[in-house]
Amino acid sequence: MGLILFAGYLKNPEISVDALSIAMNILGWTVMIAFGFNVAISVRISNELGANHPRTAKLSVVVMALTAAVVGLLLSLGLILTRNVYPSWFADSNEVKELVKRLTPLLATCIVINMIQPALSGVAIGAGWQALVAYVNLACYYLFGIPIGLILGYKFDYGVQGIWFGMMSGTIAQTGILFWLIYKTNWNEEASIAEARIKVWGGDDNLKTQRC
């Protein structure tokens with residue numbers, strides 16, 4: 001919502017805010033699907049690692065990433081094919097509809113990325129990297145994405161498209177970092193770590209005896 005606030009200080013603020021609000025709402029609807037992927041893969045990864053099935057966990061990552069990418073591409077394709085039609089569902093102003101139409105390619109790209117990124121975040125959460133994911137999110141959005149968006153939007157006069165590109169660049173950076181972390185992961189080691197956590201948190205009898 002902060003991006004909509006920033007859009008209020010651009011030229012023609014009413015048109016900018018209206019167009020950005022439409023795009024953000026559409027993105028928000030699609031992200032609901034991505035949240036489902038996030039929860040599903042988080043539970044699957046934690047279960048597989050806890051059961052000491054590293055190969056199955058790794059396969060689950062690949063399946064979920066591909067599924068998220070395919071769903072994102074289908075939604076984006078539908079949006080691009082209807083770019084001359086769907087803006088009229090939300091606005092009567094020709095200026096707003098034209099700006100939404102110009103935002104559509106960026107919106108479609110963002111939908112694909114925002115399908116994959118929550119899936120990768122779910123993998124990290126399921127593996128127990130919650131703190132790391134939080135730091136990556138903060139850095140990519142608040143230290144990278146938003147500043148770039150403001151510079152492009154105000155300094156280089158790209159307006160709403162510049163703000164949106166900045167937000168998207170933060171998501172791309174986050175997705176890239178998570179992809180690299182997951183690619184470099186030793187799943188056998190993660191399964192061993194999960195097993196150790198289960199023994200500690202589940203009250204392993206041997207550990208209890210040693211503590212006594």
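This is a predicted model, so every value here is computed, not measured.
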Residue pair C140 / I177: nearest heavy atoms and the distance that separates them: SG-CD1, 3.8 Å

Passing candidate, side chain to side chain contact (heavy atoms under 4.5 Å, CB included) with W187, options L59, T56, V61: V61

Heavy atoms of other groups near E14 CD, more than 12 under 6.0 Å: no

Backbone of A34 reached by a side-chain donor or acceptor of N38 within 3.5 Å: no

D92 atom CG: more than 12 heavy-atom contacts under 6.0 Å: no

For T171, side chain to side chain donor-acceptor pair (under 3.5 Å) partners two or more places apart: Y141

Verdict with reasoning, I193 to E190, per side chain to side chain contact (heavy atoms under 4.5 Å, CB included): CA-CA 5 Å; I193 293 172; E190 292 298 323; 4.2 Å; yes

Exercise: identify the closest heavy-atom pair between G170 and F144: CA-CD2, 4.0 Å

Euclidean distance, L75 CG relative to L107 CG, rounded to 0.5 Å: 10.5 Å

Distance in Å, I116 CD1 paired with L178 CG, rounded so as to fall on 0.5 Å steps: 11.5 Å

L181 side chain reached by L132 side chain, heavy atoms, under 4.5 Å: yes

Parallel, tilted or perpendicular: rings of F156 and Y158 (30°, 60°): tilted

Spacing of I33 atom CD1 and N114 atom CG [to the nearest 0.5 Å]: 12.0 Å

Shortest non-hydrogen contact between L103 and A23, atoms and distance: CD1-CB, 4.4 Å

Nearest-0.5 Å distance that lies between atom CG in N188 and atom CG in L49: 10.0 Å

4.5 Å side-chain heavy-atom contact, P87 and V96: no

Residue pair C110 / L27, side-chain heavy-atom distance below 4.5 Å: yes

I182 and L120: CA distance, side-chain angles, deciding distance, side chain to side chain contact (heavy atoms under 4.5 Å, CB included) verdict: CA-CA 8 Å; I182 293 170; L120 297 180; 3.8 Å; yes

Which donor-acceptor pairs under 3.5 Å do the side chains of residues 78-85 make with protein atoms, sequence neighbours left out?
from, atom 1, to, atom 2, distance (Å)
T82, OG1, G78, O, 2.8
T82, OG1, L79, O, 3.4
R83, NH1, I80, O, 2.6
N84, OD1, K101, NZ, 2.8

Closest non-hydrogen atom pair between M64 and A40, with its separation: CE-CB, 4.1 Å

Same apolar cluster (I L V M F W Y, side chains within < 4.5 Å links), W180/V133: yes

M115 reachable from F35 in the ILVMFWY side-chain graph, under 4.5 Å edges: yes

Sequence-distant partners of Y135, side-chain contact (heavy atoms from CB on, under 4.5 Å), two or more places apart: A131

Pairs touching residues 40-61 that satisfy salt bridge (Lys or Arg N to Asp or Glu O under 4.0 Å), sequence neighbours left out: R44-E48

Non-hydrogen atoms of I125 and S42 that approach each other most closely: CG2-OG, 3.6 Å

Residue F179 excluded, over 12 heavy atoms near CZ under 6.0 Å: no

Test side chain to side chain contact (heavy atoms under 4.5 Å, CB included) applied to W129 and T185, step by step: CA-CA 12 Å; W129 311 337; T185 296; 3.1 Å; yes

Within one Ile-Leu-Val-Met-Phe-Trp-Tyr cluster: V43 and M32, side-chain cutoff 4.5 Å: no

Common cluster, I111/L74, ILVMFWY with side-chain heavy-atom separation under 4.5 Å: no

Listed partners of S16 passing side chain to side chain donor-acceptor pair (under 3.5 Å), at least two apart: none

Expected output: side-chain S169 to main-chain G166 donor-acceptor under 3.5 Å: yes

Pair S60-I41, side chain to side chain contact (heavy atoms under 4.5 Å, CB included): steps then yes or no: CA-CA 7 Å; S60 299; I41 191 61; 4.0 Å; yes

From CE (M168) to OG1 (T109), nearest 0.5 Å: 5.5 Å

Atom pair CZ (F90) and CG (N25), whose distance is rounded to the nearest 0.5 Å: 7.5 Å

Residue pairs, two or more places apart or on separate chains, that pass salt bridge (Lys or Arg N to Asp or Glu O under 4.0 Å) and touch residues 142-151: none

Test item: S76 side-chain N/O and A108 main-chain N/O as donor-acceptor pair under 3.5 Å: yes

hydrophobic_cluster_shared for I45 and Y183, side chain cutoff 4.5 Å: no

